[in-house]
Amino acid sequence: MTKSTANYKNWTICVAAESSMCSNFSFDVTNPAGRTQHVAMGGDNERRALERAKEFIDLELALASEN
């Protein structure tokens with residue numbers, strides 16, 4: 001299985017080749033406290049799944065700053 005990892009704003013992103021419905025890649029995001037969330041439908045390709053993971057993190061950070 002193809003896997004890649006990246007760091008973004010102190011979060012860890014792990015993108016993996018995983019077919020689910022119309023998606024070919026999934027991703028896991030792990031926050032600095034160690035909580036991991038899995039998104040099965042990450043995107044058609046690895047690059048798009050990584051972009052979506054970053055968007056996911058940006059949204060989580062925006063929601064956290066509102067509280």
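Since we're looking at a predicted model, the values are computed, not measured.
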Enquirer: Evaluate the side-chain proximity of K54 to K9: yes if any heavy-atom separation is below 4.5 Å, no if none is.
Expert: no
Enquirer: Output the distance between atom CD (E60) and atom OG (S65), rounded to the nearest 0.5 Å.
Expert: 11.5 Å
Enquirer: Going by an N to O cut-off under 4.0 Å, is there a salt bridge joining R52 and E55?
Expert: no
Enquirer: Any heavy-atom pair between the side chains of D44 and R48 that's under 4.5 Å?
Expert: no
Enquirer: How close do G43 and A49 get, heavy atom to heavy atom, and via which atoms?
Expert: N-CB, 4.4 Å
Enquirer: Which pair of heavy atoms, one from A53 and one from V29, lies closest together, and at what distance?
Expert: CB-CG1, 4.1 Å
Enquirer: Which distance, rounded to the nearest 0.5 Å, do you find between the CZ of F27 and the OG of S4?
Expert: 12.0 Å
Enquirer: Tell me the closest heavy-atom pair linking F25 and V15, and the distance in Å.
Expert: CD2-CG1, 3.9 Å
Enquirer: Between OG1 of T5 and CG of L50, what distance do you get to the nearest 0.5 Å?
Expert: 10.0 Å
Enquirer: Under a 4.5 Å side-chain heavy-atom rule over Ile, Leu, Val, Met, Phe, Trp and Tyr, are M41 and F56 clustered together?
Expert: no
Enquirer: Assess, by modelled atom type and distance only, whether the side chains of T36 and T30 contain a donor and an acceptor separated by less than 3.5 Å.
Expert: yes
Enquirer: In the structure I gave you, are the side-chain heavy atoms of E18 and H38 within less than 4.5 Å of one another anywhere?
Expert: yes
Enquirer: Looking at CG of D28 and SG of C14, how far apart are the two atoms once the value is rounded to the nearest 0.5 Å?
Expert: 5.5 Å
Enquirer: List the atom of S26, the atom of A40, and the distance in Å for their closest heavy-atom pair.
Expert: CB-O, 3.4 Å
Enquirer: Is the shortest heavy-atom distance from the side chain of P32 to the side chain of W11 under 4.5 Å?
Expert: yes
Enquirer: Measuring from atom CG of N7 to atom CD1 of I13, what distance do you get when rounded to the nearest 0.5 angstrom?
Expert: 8.0 Å
Enquirer: Taking the side chain as everything from C-beta on, heavy atoms only, tell me whether Y8 gets closer than 4.5 Å to D58.
Expert: yes
